[in-house]
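Note that this is a predicted model, so its numbers are computed, not measured.
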Amino acid sequence: MTHILVTGGAGFIGSNFVPYYLQSQEDVHVVNLDALTYAGNLDNLEEIENHPRYTFIKGDICDRKLVEKIFERYDIKGVIHFAAESHVDNSIANPDAFMQTNIIGTFNLVDVAKRHWMVSPGVYKEAYRRSRFLHVSTDEVYGTLGKEGLFSETTPYAPNSPYSASKASSDFIIRSYHHTYGMNVVTTNCSNNYGPKQHDEKLIPTIIRKALSGEEIPIYGDGSNIRDWLYVLDHCKGIDLAYAKGVSGETYNIGGRNERNNLYIAQKVCDILDKKHAKADDSSYGNQITFVKDRAGHDFRYAIDANKIERELGWKADENFETGIEKTIDWYLKKFIDNKAKSLT
């Protein structure tokens, strides 16, 4: 049995990845380290809480002694690192937490891994020759795009928010441990994820939640900002491939090839809700869309060139936005409507 440390496994992407990974890898024990901040929720992992190859530990990746104890106790032979502060608005209001978790936390993890796995630069202990550290990052480290072009693995970094700056820093830390110490590391940079289990504050859950509660649906600026949307399970499959088959020291961009602007997203979600959960008066949820003051430093467009991971590792997205958003809305209707109804009975 190989023991893998997953950090941030109670967050949005991590809580989708861990059940998928346990199902796809029958000889792996997953140790999930999560601080359970506002973005982490153990309810997201109810289906595996009693799984025989799963262990949850509440703790902070900034707590180096705890990380060292976990490596020793479970003899960790691989790391898949999701844990990060990731809400851009929060990074603008309170950047300190982002610098601590995303930079210091990442340093703690990779440095402890190096000390546990390696004898000296370029030399792994025999038992850890196959040990690998996969770092999950974001396309926001590349900055913003105009109306044309795509982010590739060679796009220069140009982060524009405290969040993306902290993630860029963490990417460079991982890169340095490969080039300086010869560590077996892989980095993935993904486009905007959506799907089940996402925090209620994020764009698509906010649109659904506000629509169902009869509140105004806030859209920044004029809604023209564009993102490349990636269904979360497709991202999980890409991470699995990059961890298993990626080349050490390489970066793989994972994107859904689903560019949509924020106004389209809001209108599409409202149109689907009109059909799946019509209002009593038959009016459209779209009437609740309202435009609010734009976010400071709001990047205009992100879009990923996923050719490398498609070509080299055989990955491809199974969902387009229109199929993925249907599945996403069904999940949130169950969360916001069905579960609420059950709690009242």
Side-chain angles (χ1 to χ4, degrees), residues 1-63 66-67 69-71 73-74 76-87 101-102 105-106 109 134-136 188 190 193-202 204-205 208-209 230-244 254 319 324 327-340 342-343:
M1 189 73 66
T2 302
H3 304 282
I4 302 293
L5 175 63
V6 173
T7 67
F12 167 41
I13 303 172
S15 65
N16 279 277
F17 178 81
V18 172
Y20 166 79
Y21 198 64
L22 285 170
Q23 185 175 17
S24 68
Q25 306 292 329
E26 296 182 354
D27 61 345
V28 166
H29 168 229
V30 172
V31 179
N32 174 16
L33 174 63
D34 196 298
L36 296 182
T37 60
Y38 77 95
N41 188 345
L42 286 181
D43 291 344
N44 291 339
L45 293 163
E46 282 183 336
E47 72 264 43
I48 60 160
E49 62 183 355
N50 296 315
H51 196 289
R53 293 185 286 108
Y54 171 71
T55 300
F56 172 74
I57 298 173
K58 182 179 179 180
D60 192 332
I61 59 173
C62 292
D63 183 347
L66 173 61
V67 174
K69 287 178 182 177
I70 292 169
F71 269 78
R73 178 176 179 183
Y74 295 98
I76 298 297
K77 292 188 176 176
V79 176
I80 300 174
H81 175 34
F82 293 97
E85 294 283 351
S86 64
H87 198 293
T101 297
N102 299 352
T106 297
L109 283 167
L134 186 139
H135 174 60
V136 180
T188 59
C190 67
N193 280 221
Y194 70 100
K197 304 181 182 180
Q198 192 166 23
H199 192 275
D200 290 353
E201 289 182 358
K202 294 290 189 171
I204 289 174
I208 300 170
R209 177 170 49 86
L230 175 66
Y231 189 64
V232 65
L233 187 57
D234 284 329
H235 185 198
C236 293
K237 293 172 182 176
I239 291 167
D240 187 7
L241 272 173
Y243 182 76
I254 309 176
E319 305 291 343
K327 294 179 179 181
T328 301
I329 289 173
D330 287 343
W331 190 88
Y332 279 100
L333 282 172
K334 184 176 181 180
K335 175 182 178 179
F336 292 140
I337 301 298
D338 295 354
N339 290 348
K340 183 177 180 181
K342 288 178 183 177
S343 69

Measure from the side-chain N and O atoms of [X] to the backbone N and O of [Y], and report whether any donor-acceptor pair falls under 3.5 Å.
{"X": "K327", "Y": "G195", "result": "no"}
{"X": "N32", "Y": "G9", "result": "yes"}
{"X": "D60", "Y": "A35", "result": "no"}
{"X": "R53", "Y": "L22", "result": "yes"}

Atom [atom1] of [X] and atom [atom2] of [Y]: how far apart are they, to the nearest 0.5 Å?
{"X": "N102", "Y": "E85", "atom1": "CG", "atom2": "CD", "value": "6.5 Å"}
{"X": "D34", "Y": "S15", "atom1": "CG", "atom2": "OG", "value": "9.0 Å"}
{"X": "I13", "Y": "I80", "atom1": "CD1", "atom2": "CD1", "value": "13.0 Å"}
{"X": "R209", "Y": "K202", "atom1": "CZ", "atom2": "NZ", "value": "13.0 Å"}
{"X": "C190", "Y": "D234", "atom1": "SG", "atom2": "CG", "value": "12.0 Å"}

Note, [X] side chain near [Y] side chain (heavy atom, < 4.5 Å):
{"X": "Y38", "Y": "H199", "answer": "yes"}
{"X": "L66", "Y": "L33", "answer": "yes"}
{"X": "T188", "Y": "H135", "answer": "no"}
{"X": "F336", "Y": "I208", "answer": "yes"}
{"X": "L36", "Y": "L42", "answer": "yes"}
{"X": "H81", "Y": "T106", "answer": "yes"}
{"X": "P196", "Y": "Y231", "answer": "yes"}
{"X": "V31", "Y": "I57", "answer": "yes"}

Q: Check step by step if salt bridge (charged side-chain N to carboxylate O under 4.0 Å, His left out) holds for D330 and K335.
A: CA-CA 9 Å; D330 287 343; K335 175 182 178 179; over 6 Å; no
Q) Take atom CD in E49; do more than 12 heavy atoms of anything else shown fall under 6.0 Å from it? A)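 Yes, enclosed.
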Of all the heavy-atom pairs spanning [X] and [Y], show the shortest one and how long it is.
{"X": "F71", "Y": "L109", "answer": "CZ-O, 4.4 Å"}
{"X": "Y332", "Y": "P205", "answer": "OH-CG, 3.4 Å"}
{"X": "G14", "Y": "P19", "answer": "O-CD, 4.5 Å"}

Q: Could you tell me whether E319 and K237 have a side-chain N and a carboxylate O separated by less than 4.0 Å?
A: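 The answer is no: the pair does not qualify as a salt bridge.
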Q: Mind running side chain to side chain contact (heavy atoms under 4.5 Å, CB included) on I76 and I4 for me, showing each step along the way?
A: CA-CA 6 Å; I76 298 297; I4 302 293; over 6 Å; no
Q) Between T7, D63, L5, T55, which is the residue that forms a side-chain contact (heavy atoms from CB on, under 4.5 Å) with I70? A)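 When side-chain contact (heavy atoms from CB on, under 4.5 Å) is applied between I70 and each of T7, D63, L5, T55, only L5 qualifies.
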(Q) Here's a test for you: under side-chain contact (heavy atoms from CB on, under 4.5 Å), which of D240, L230, N16 qualifies with H235? (A)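 Of D240, L230, N16, side-chain contact (heavy atoms from CB on, under 4.5 Å) with H235 is met by L230 alone.
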(Q) Going by the rule side chain to side chain donor-acceptor pair (under 3.5 Å), which residues pair with T37 if we only count those two or more places apart in sequence or in a different chain? (A)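 Partners of T37 by the side chain to side chain donor-acceptor pair (under 3.5 Å) criterion come out as none, since no residue qualifies.
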Q. In chain order, what residues pass the side chain to side chain donor-acceptor pair (under 3.5 Å) check against K77, with sequence neighbours excluded?
A.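 Checked K77 against side chain to side chain donor-acceptor pair (under 3.5 Å); zero matches.
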Q: Starting from the C-alpha separation in whole Å, work towards a yes-or-no answer on side chain to side chain contact (heavy atoms under 4.5 Å, CB included) for W331 and K197.
A: CA-CA 8 Å; W331 190 88; K197 304 181 182 180; 3.8 Å; yes
Q | Qualifying ring-ring contact (aromatic ring centres under 6.0 Å, His included) pairs, either residue in residues 6-33, two or more places apart | A |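 Non-adjacent pairs meeting ring-ring contact (aromatic ring centres under 6.0 Å, His included): H3-H29, F17-Y21, F17-F82, H29-Y74.
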